[in-house]
Amino acid sequence: MQHDYAGSCHCGAIGFTLRTSIEPSDWSIRACQCSFCRAHDALSASDPAGQVTFVASSPESLQKYRFGLRTADFLLCRECGVYIGAVIVSAGDAFGIVNAHALKKTPANLTKVSAISYDTEDIAGRVTRREERWTPVIDFPA
Ligand SMILES: [Zn+2]
């Protein structure tokens, strides 16, 4: 049974819908320890068997930010500053994560948080991990 989990930035200019059949209590939540994710207190969630859509009701508010190995676009709101998730495009396919802290309604049973550092990955390893673990993206603002 699939459910939709909606999230957005604070002002609502950008957002996402994650469709997954995994119960929130079984979500694999990663607290990436890079300086970007720590600064945003980001909790990354994805489901390789799910789907995610990112939208920008106010496209001029969408800021894409690349850093480190520069393989993915991290999606931030220019208006309110909230980080909602990230998208990587690889061989024509797009994969994404969402920031569970940007969910409109945080599931009460969101417990499985693991602190992870990906510092030792090279570009190929990083892209491969994201292709395998991130959620296939149905649509996102180009
Ligand atoms: Zn905003």
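Just so you know, ligand 1 is whichever comes first in the structure, and atom 1 is the first atom listed for that ligand. We're numbering straight along the sequence, starting at 1.
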Inspect the surroundings of CD in Glu121 and state if more than 12 heavy atoms from other residues, nucleotides or ligands are less than 6.0 Å away.
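Atom CD in Glu121 is packed in, count exceeds 12.
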Is the Tyr83 to Phe36 ring centre distance short of 6.0 Å?
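Yes; Phe36 has its ring centre under 6.0 Å from that of Tyr83.
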Just to be sure I understand the site: which N, O or S atoms from the protein are less than 2.8 Å away from the Zn ion (ligand 1)?
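Only Cys9 SG, Cys11 SG, Cys77 SG, Cys80 SG fall inside 2.8 Å of the Zn ion (ligand 1).
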Report yes if the side chains of Tyr118 and Arg130 come closer than 4.5 Å at any heavy-atom pair, otherwise no.
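Not in contact.
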Does the side chain of Ile88 reach to within under 4.5 Å of the side chain of Arg126, using non-hydrogen atoms?
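Not touching, per the 4.5 Å side-chain cut-off.
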Listed partners of Ser8 passing side chain to side chain contact (heavy atoms under 4.5 Å, CB included), at least two apart:
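Counting only residues at least two positions away or on another chain, Ser8 forms a side chain to side chain contact (heavy atoms under 4.5 Å, CB included) with Lys104.
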Can you tell me how the ring of Phe67 sits relative to the ring of Phe74, calling it parallel under 30°, perpendicular over 60° and tilted otherwise?
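Aromatic pair Phe67/Phe74 classed tilted.
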